[in-house]
Protein chains: 2
Amino acid sequence: MRCAAAQRVSRGCALTVTIREVADAAGVSTATVSRALSGVQTVDPELVARVRESAESLGYRANRVARALRRQSTQTVGLVIPDITNPFFPAVVQAIERELRHDGLSLLLCDAGNDVDVEAELVRNLFDHQIDGLLISACDRIASRPAVQLAASRVPVLQIDQQTVAEVPYVGVDQADAMGQIIGHLRDQGCQSFAYIGPRPEIPTARERFDAFADRVKPVDPAAANRTYLGDSSIAWGHEAANRILADGPPPDAIVCANDQAALGALQALREHGVKVPGDVALTGFDDTVLATACEPQLTSVSQPLEELGARAVRELSAAIGQELRQPRSVLLEASLVIRGSSRRLPPTG
Amino acid sequence: MRCAAAQRVSRGCALTVTIREVADAAGVSTATVSRALSGVQTVDPELVARVRESAESLGYRANRVARALRRQSTQTVGLVIPDITNPFFPAVVQAIERELRHDGLSLLLCDAGNDVDVEAELVRNLFDHQIDGLLISACDRIASRPAVQLAASRVPVLQIDQQTVAEVPYVGVDQADAMGQIIGHLRDQGCQSFAYIGPRPEIPTARERFDAFADRVKPVDPAAANRTYLGDSSIAWGHEAANRILADGPPPDAIVCANDQAALGALQALREHGVKVPGDVALTGFDDTVLATACEPQLTSVSQPLEELGARAVRELSAAIGQELRQPRSVLLEASLVIRGSSRRLPPTG
DNA sequence: ATCCTCAAAGCAAACGATTGCTTCATCAGC
DNA sequence: GCTGATGAAGCAATCGTTTGCTTTGAGGAT
């Protein structure tokens with residue numbers, strides 16, 4: 001008896017063992033092997049044991065490509081993010097990958113490099129891979145919409161952090177609330193005038209932060225509208241913007257930054273001009289990156305629940321993939337203010 | 001004439017268009033469509049045009065799962081890294097993904113969470129996906145070997161940054177040379193006694209850095225062997241280790257750290273004890289992360305060519321995947337010393 | 001003893017592409 | 001006009017699973 005496996009071995013190419021070889025070894029059909037191993041159907045327990053044993057001894061592992069073709073489901077999801085070197089993402093990606101694996105799903109990672117055209121191509125490419133679901137953090141508030149909409153018409157899609165299409169569910173962090181916590185804290189510290197440094201609001205979260213700042217500050221300090229400095233997300237822009245603030249007139253009581261990079265750049269510029277933080281100007285960051293604790297004084301910032309963000313996203317998407325009719329649900333998480341030296345002008349009360 | 005496409009549409013499930021439908025639309029066989037689109041020469045140019053047009057108008061995109069099954073090649077590579085939140089990796093991952101895409105390959109990302117058992121399972125799982133190649137940065141100098149060896153017996157494998165198996169090619173950065181640059185620089189600055197803070201050498205690069213430090217320093221300062229503080233890769237450990245250094249006796253001229261986190265922690269501890277950097281003690285980091293420029297004084301560090309690392313890795317792997325017989329080649333890149341305030345005790349010469 | 005039921009296992013058809021082999025037509029050479 | 005060469009297009013097998021349908025056989029009811 002020369003079974004397929006034996007033939008392969010004799011030809012020196014036993015690299016992969018197929019279900020056919022397990023079937024031969026166990027003396028049953030491939031159908032029975034499939035059913036025995038997947039445990040769904042009624043298979044004689046004795047046969048199940050024999051099949052298991054054969055599979056084990058041959059080191060059989062099902063070919064997921066073949067299974068995907070037949071089942072019309074790859075158990076794979078795509079993740080498209082704008083820029084993984086943005087310190088926001090690694091922890092989210094890690095949580096996503098871990099949770100997906102926990103659910104038996106695999107991750108195709110794509111980095112759009114902040115380019116909307118690349119992003120659209122990535123989405124198309126992921127569909128060629130027959131992904132079962134898509135997680136996407138869009139590059140652009142407007143220009144990314146067609147890609148997200150196209151995707152949502154074909155598989156369950158969950159927008160991560162950035163909601164560009166209102167109809168498509170998303171998992172994010174309440175930016176307005178977070179900014180509210182910052183302003184509230186600064187007012188508690190006695191600050192009455194404010195400036196804002198951040199990126200141009202090309203992406204939804206940047207816009208939410210900026211809008212929330214404007215909203216909360218207007219009643220107290222209408223002049224703050226003249227002290228908003230919009231550039232990019234770099235340390236350099238924080239530095240530059242702080243220089244402009246100092247050049248434009250007497251500094252405000254507080255400078256609110258839309259990210260830690262900007263706050264750090266601003267801190268360096270203030271120090272160069274001999275402006276004391278928090279004595280002369282209170283300063284706050286956003287995102288609570290590693291930068292926040294690297295400088296002196298350390299930065300008051302807002303910590304976003306990154307792991308939870310990733311985990312919740314996967315939970316929602318995974319549920320939608322499992323049950324045909326279930327649409328993923330949107331989830332809004334809360335950030336938490338982390339108060340450090342850069343904004344502490346008063347001794348803690350109580 | 002009711003072609004397959006029309007039937008699907010009428011049943012309301014025209015989600016994907018297959019090669020069959022393109023063939024029907026163009027009035028040819030699927031074989032001809034396949035050949036026309038893949039650019040085989042033996043197809044009448046007129047037919048090629050007709051097929052292209054049909055494919056275009058139907059929005060046909062080849063199903064990569066089906067293609068992979070038939071061609072026995074998924075055009076997909078796996079990447080296994082120990083921990084993407086380690087600031088070393090995001091830039092490398094980004095470069096890898098970009099270069100893979102450029103070569104028409106896709107990336108299955110796996111994060112082992114620094115767990116060797118998880119890592120081994122991830123490799124097995126990637127094989128179930130029929131990956132065409134594997135990039136791996138191993139968790140452990142010893143315990144990761146079986147997984148790497150198993151992988152290398154089946155597909156082209158390239159070790160990234162960490163070489164755990166000597167026979168398997170790798171792309172990395174010359175750690176010993178980098179450490180040599182640091183010691184050379186510190187000696188130029190007049191430092192004669194040294195201490196070392198770093199992680200326990202469980203992974204190859206950590207060991208290389210430590211060994212290189214010991215080698216280069218021994219001729220100048222044999223006592224340095226008593227001032228090596230091995231813990232983990234955290235800011236906290238840098239802080240703790242620096243405290244111990246100060247407690248253990250008069251501080252050395254220089255503290256060499258195996259990463260920026262340790263250097264930052266040490267800097268904070270030294271500041272707390274009123275020890276001046278670089279006046280009393282010179283301090284150096286490693287990896288040139290964002291932390292290096294976040295503190296005051298900024299950290300002298302070693303910048304590794306992360307993008308090049310990723311790009312070279314892909315170039316080698318991709319070539320090996322393309323040509324059956326070609327084994328990837330090992331590549332050793334050079335890091336560059338970035339001198340900043342933390343080690344500058346003398347005015348620059350010249 | 002015959003028929004019916006029902007469970008268990010196998011046969012074979014998918015899934016959607018690629019590709020070896022065959023067929024068919026055209027054309028040149030004799 | 002016949003044969004052979006050449007080239008283009010199609011047929012059908014194939015990749016490795018899964019699964020609908022059929023077959024088989026055992027056991028119970030009549």
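No hydrogens, no waters, no symmetry mates; every other heavy atom, side chains included, goes into these values. The sequence lines fix the lettering, A, B, ..., with proteins before strands; numbering per chain opens at 1.
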Review point. Going by atom types alone, do A:Ser137 and A:Asp161 pair a side-chain donor with an acceptor below 3.5 Å?
Key: no
Review point. Base, sugar-phosphate, or nothing: which does B:Ala62 touch, judged by heavy atoms less than 4.0 Å apart?
Key: sugar-phosphate
Practice item. Tell me whether the OP1 or OP2 atom of C:dG16 has a side-chain N or O from B:Arg20 closer than 4.0 Å. Key: no
Exercise for review: Would you kindly give the CD1-to-P distance between B:Ile19 and D:dT14, to the nearest whole Å?
Suggested key: 19 Å
Check your understanding: Any luck finding a side-chain donor-acceptor pair between A:Arg101 and B:Asn125 under 3.5 Å?
Key -> no
Study note, to complete from the structure: Residue pair B:Ala31/B:Ala66 against DNA chain C: nearer the 5' end by closest nucleotide is B:Ala66
Review point. Think B:Thr32 has a side-chain N or O under 4.0 angstrom from the OP1 or OP2 of D:dG10?
Key: yes
**Study point:** Candidate nucleotides D:dT18, D:dG16, C:dT19, ranked by approach to the side chain of A:Asn63 - the nearest
**Key:** D:dG16
Point to revise | Pair B:His129-A:Ser106, side-chain donor/acceptor within less than 3.5 Å | key: yes
Exercise for review: Take A:Arg61 and B:Arg70, find for each the nucleotide of DNA chain D with the closest heavy atom, and name the residue whose nucleotide sits nearer the 5' end.
Suggested key: B:Arg70
Review point. Do the side-chain N or O atoms of A:Arg71 get closer than 4.0 angstrom to the phosphate oxygens (OP1, OP2) of D:dT18?
Key: yes
Check your understanding: Contact class for B:Val65 (heavy atom, under 4.0 Å): base, sugar-phosphate, or nothing?
Key -> nothing
Exercise for review: Map A:Thr30 and A:Pro45 onto DNA chain C by nearest heavy atom, then report which one ends up closer to the 5' terminus.
Suggested key: A:Pro45
Point to revise | Pair B:Arg61 + A:Asp128: basic N to acidic O under 4.0 Å | key: yes
Check your understanding: At under 4.0 Å, does any side-chain N or O of B:Gln130 touch on OP1 or OP2 of D:dC15?
Key -> no
Check your understanding: NA contact type, A:Val28, heavy-atom cut-off 4.0 Å: base, sugar-phosphate, or nothing?
Key -> sugar-phosphate
